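Some notes on the structure that comes next.
Residue numbers run from 1 in the order of the sequence given. Keep in mind that what you see is a predicted model, and the values were worked out from it rather than measured.
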Amino acid sequence: MTTFRSDFLRTLTERGFVHQISDPEGLDKLFATETVTAYIGFDPTAPSLHAGGLIQIMMLHWLQATGHRPVSLMGGGTGMVGDPSFKEEARKLMTVETIEDNIASIKKVFANYLTYGDAPTGALMANNAEWLTSLNYLEFLRDVGRHFSVNRMLSFDSVKMRLDREQSLSFLEFNYMILQAYDFVELSQRYGVRLQMGGSDQWGNIVNGIDLGHRMGTPQLYALTSPLLTTASGAKMGKSLSGAVWLNADLLGPYEFWQYWRNTEDADVSRFLKLYTTLPMDEIARLSALGGAEINEVKKILATEVTAMLHGRAAAEAAAETARKTFEEGGLSADLPTVEVPAGELEAGIGVLSVFAEKTGLVASNGEARRQIKSGGLKVNDATVTDDKAVISARDLTAEGVVKLSFGKKKHVLLKPV
């Protein structure tokens, strides 16, 4: 492994962020001698990023923490086209209004990880719609398009995979990599950006930008990619049994977010402490050496530290306390996820299968609910459900005016009449 002089590359390497670097020695020298401006692009395909995108945000965080300037680029222009990288089919096209709404929503998260401002290392939020939407097509073809070899573009893994499977790749999507390369050059000219970072699936697109910059007279540009992460069991990062693990609190509350990290597989704990927290490496080494029952305490530390960065220390500690009350004391906490049902519906009574599957989504289907009841996996007010024809009604309301529903030891929802 290369030993780097610069704090930034040394930090990223020891914490496991680095998959590929286009010119390790040249980039290390640049970081050791200058304040470097670097960017990562984010696609506004939803109103929130999910936990799978946290690795990129943490790379920008460490960039600023080691004395450099991060740029978070919103794909307001490229979002109108859609990144075809490693997708089996074209993305659904979004309206300009949807893209703008998504960007406004996504932006809220970044301020928790970066300090924006005019200081030499102050982070910058940019939107490629600023320059892409006003391009003149003929001028763009003449000035930029002529630098691209279709033969080479066809050789990229992201394109080859689609073509090898005989899946359609539209001209619209084929333009995406040209636009992303142009972003790199534009950001270099506007803000002095020298480095683009991203997931390893973006390597071809980033290298395209370096080549275009070379042809269009920018200073030497660089690429750095992170590994595409899966959990130890092969699951995709940012996905849970109940869906995407969103970063925006209005889509996923701090308690559910904390729970996602608390449920980390044992084999992933050390790696996730390095990637997703700012705990010092010697403290991570100490925690990683713990085993047996102590690993669960380490998982709580992981969950609290990751949640504190996103939602604030108070929300993270409240989530940890809610979990403690729920699991260790078997108590109720108002901070548990709550699902509201019409009071009249609860008065009449709701089938237990419907409550666990349709009303709360604690299990995926009625069939799954039935299977869990047979194995003793579902509880109402901490009492195991034994009859799949049971009905939950107003008689089951606790003194707090709710019904506590549990799937296993870790998933709980409060049913509340309104």
Side-chain angles (χ1 to χ4, degrees), residues 37-61 63-64 69-85 87 90-118 122-135 140 172-173 175-191 193 195-199 201-202 205-206 209 226 237-239 243-254 257 309-312:
T37 303
Y39 89 100
I40 297 177
F42 297 89
D43 267 338
T45 50
S48 170
L49 302 173
H50 60 66
L54 255 187
I55 188 170
Q56 313 301 339
I57 299 174
M58 289 301 293
M59 288 165 81
L60 291 177
H61 171 83
L63 181 79
Q64 189 169 46
R69 183 167 72 143
V71 177
S72 45
L73 178 68
M74 296 289 109
T78 42
M80 297 172 71
V81 176
D83 182 1
S85 298
K87 302 289 183 292
R91 288 187 185 275
K92 301 253 184 311
L93 292 184
M94 297 180 292
T95 65
V96 173
E97 291 74 23
T98 299
I99 291 170
E100 289 174 353
D101 288 347
N102 286 351
I103 288 174
S105 181
I106 288 169
K107 278 182 178 180
K108 299 170 193 169
V109 162
F110 283 92
N112 300 312
Y113 297 87
L114 302 173
T115 302
Y116 288 87
D118 298 328
L124 176 72
M125 178 78 72
N127 184 341
N128 62 19
E130 290 174 37
W131 53 86
L132 293 182
T133 53
S134 58
L135 286 175
F140 185 72
L172 182 73
E173 294 172 285
N175 271 265
Y176 185 92
M177 62 182 79
I178 299 178
L179 296 177
Q180 186 173 332
Y182 182 69
D183 280 346
F184 200 172
V185 173
E186 187 73 27
L187 287 166
S188 174
Q189 292 170 343
R190 286 183 178 225
Y191 306 115
V193 167
L195 168 67
Q196 183 183 353
M197 301 185 290
D201 60 333
Q202 294 299 314
N205 288 341
I206 299 174
S226 60
M237 275 302 297
K239 301 284 184 184
V245 181
W246 301 111
L247 301 186
N248 282 44
D250 54 341
L251 293 180
L252 189 78
F257 185 78
M309 284 198 79
L310 177 62
H311 295 297

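Side chain to side chain, Ser105 and Asn248 meet the donor-acceptor criterion of an N or O pair below 3.5 Å. For the 3.5 Å distance criterion, the side chains of Gln202 and Gln196 fail to qualify, holding no donor opposite an acceptor.
In this structure, the side chains of Tyr182 and Asn128 stay at 4.5 Å or more apart for every pair of heavy atoms. Residues Trp131 and Leu187 have side chains in contact (heavy-atom distance under 4.5 Å, counting atoms from C-beta outward). Contact annotation: the side chain of Phe140 approaches that of Leu179 to within less than 4.5 Å [non-hydrogen atoms, C-beta and beyond]. At least one side-chain heavy atom of Ile57 sits under 4.5 Å from a side-chain heavy atom of Phe42. By the 4.5 Å heavy-atom criterion applied to side chains, Leu310 and Tyr113 are counted as neighbours. Taking 4.5 Å as the limit, some side-chain heavy atom of Glu130 sits within range of a side-chain heavy atom of Arg190.
Closest non-hydrogen pair, Ile206 versus Gln180, comes out as CG1-NE2, 4.3 Å. Residues Leu63 and Ala38 come closest through the heavy atom pair CD2-CB, 3.8 Å. Looking at every heavy atom in both residues, His50 comes nearest to Ala244 through CB-CB, 4.4 Å.
Residue Tyr116 holds its OH atom at 8.5 Å from CD of Gln64, rounded to the nearest 0.5 Å. Atom CE of Met125 sits about 9.0 Å away from atom CD1 of Ile103, to the nearest 0.5 Å. Distance check: Lys107 NZ to Asn127 CG gives 6.5 Å after rounding to the nearest 0.5 Å. Between Met197 atom CE and Ile55 atom CD1 the span is 11.0 Å, to the nearest 0.5 Å. To the nearest 0.5 Å, atoms OG (Ser188) and CG (Asp183) are separated by 12.0 Å. Considering CD of Gln56 and CG of Leu54, their distance stands at 10.0 Å, rounded to 0.5 Å.
Not counting sequence neighbours, the partners of Ile106 by the side chain to side chain contact (heavy atoms under 4.5 Å, CB included) test are Pro44, Leu49, Met74, Phe110. The side chain to side chain contact (heavy atoms under 4.5 Å, CB included) search around Ala249 returns His311, not counting sequence neighbours.
Shown are Val109, Leu252, Asn112; of these, the side-chain contact (heavy atoms from CB on, under 4.5 Å) with Leu247 is made only by Val109.
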